[in-house]
Amino acid sequence: MRASERAYAALLDEIQTGALAPGAVIGEVEQATRLGVSRTPLREALSRLESRGLVEQVSPRVTVVSRIEPGDIRDLFVVRRALEETSVRLAAAAADRAAFRDLAAAFASSSIDGEPARDAYYALIGRFDEALDAASANDYLASALDTVRTHLVRVRRLARHRPERLGASVAEHRLIASAIADGDADLAAHATHVHLHNALTSILESLESTA
């Protein structure tokens, strides 16, 4: 892996997990030393992160992790809703939908009790997203969704954990996967719309309660 790729991957992970919190200053010299790269590949990594809206340069020498405000989250979900509703409709029209039958069964047996179980659930969502991208067979749509998902990881980390919401999310994902497997595009899109509405409401409430 190239030095710039290593630096990008490390910083992306730390931004998404919250190790580098919104507003944190990313010093070139300090980060280059810590990551074991020279300043040129670090700058390439920061430029890539900036292009994705994850960091911003507030002065020629100062780069900070971008903040996420409630308005940003609402805007993110406007785009996410449009993209995901389109994606599930395309997936429901695909010739091979067997993967979604398996995913629906996996969601049905999912547990959210304990951190390892929650990690496994988010990994299952990752498998679901990969299946959507493959079934929709649209590289432009997949690329746009990848950008949205990159920010969504941060939003999930910033929001306070709510067991009742996660339980509902499991059921919602099961319904979406089942609708796609059955080739019911309207139900899949409607279930996705409801899921995203509920997710956005919960995230904003969590942020308000911890403000």
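Since we're looking at a predicted model, the values are computed, not measured. Sequence positions, counted from 1, serve as the residue numbers for this chain.
Take H151 and apply the ring pair (Phe, Tyr, Trp, His ring centres under 6.0 Å) test, not counting sequence neighbours, and it matches no residue. Partners of E14 under the salt bridge (Lys or Arg N to Asp or Glu O under 4.0 Å) rule, at least two apart in sequence or in another chain, are R34.
Taken from CG in L200 to CZ in R81, the straight-line distance is 7.0 Å, to the nearest 0.5 Å. Atom-to-atom distance recorded for H190:NE2 and L187:CG is 7.5 Å, nearest 0.5 angstrom. A distance of 13.0 Å separates CG in D119 from CD1 in I112, rounded to the nearest 0.5 Å. Rounded to the nearest 0.5 angstrom, D182 CG and R97 CZ are separated by 7.5 Å.
No donor-acceptor pair under 3.5 Å is formed between the side chain of H197 and the backbone N or O of H193. Using a distance-only test at 3.5 Å, with no hydrogens or angles considered, no donor-acceptor pair links the side chain of S202 to the main chain of N198.
The pair R127-E130 fails the salt-bridge criterion, with no side-chain N (NZ, NE, NH1 or NH2) lying under 4.0 Å from an Asp/Glu carboxylate O.
Within 6.0 Å of atom CZ in R174, 12 or fewer heavy atoms from other residues, nucleotides or ligands are found, so the atom counts as exposed in its surroundings.
Scanning both residues, R154 and L54, for their nearest heavy atoms gives CD-CD2, 3.6 Å. Taking each heavy atom of V170 and S110 in turn, the nearest pair found is CG1-CB, 4.1 Å.
A side-chain contact (heavy atoms from CB on, under 4.5 Å) with Y8 holds for exactly one of L35, D13, L49; it is L49. The side chain to side chain donor-acceptor pair (under 3.5 Å) with S4 is formed by just one residue from the set E44, R48, R43; it is E44.
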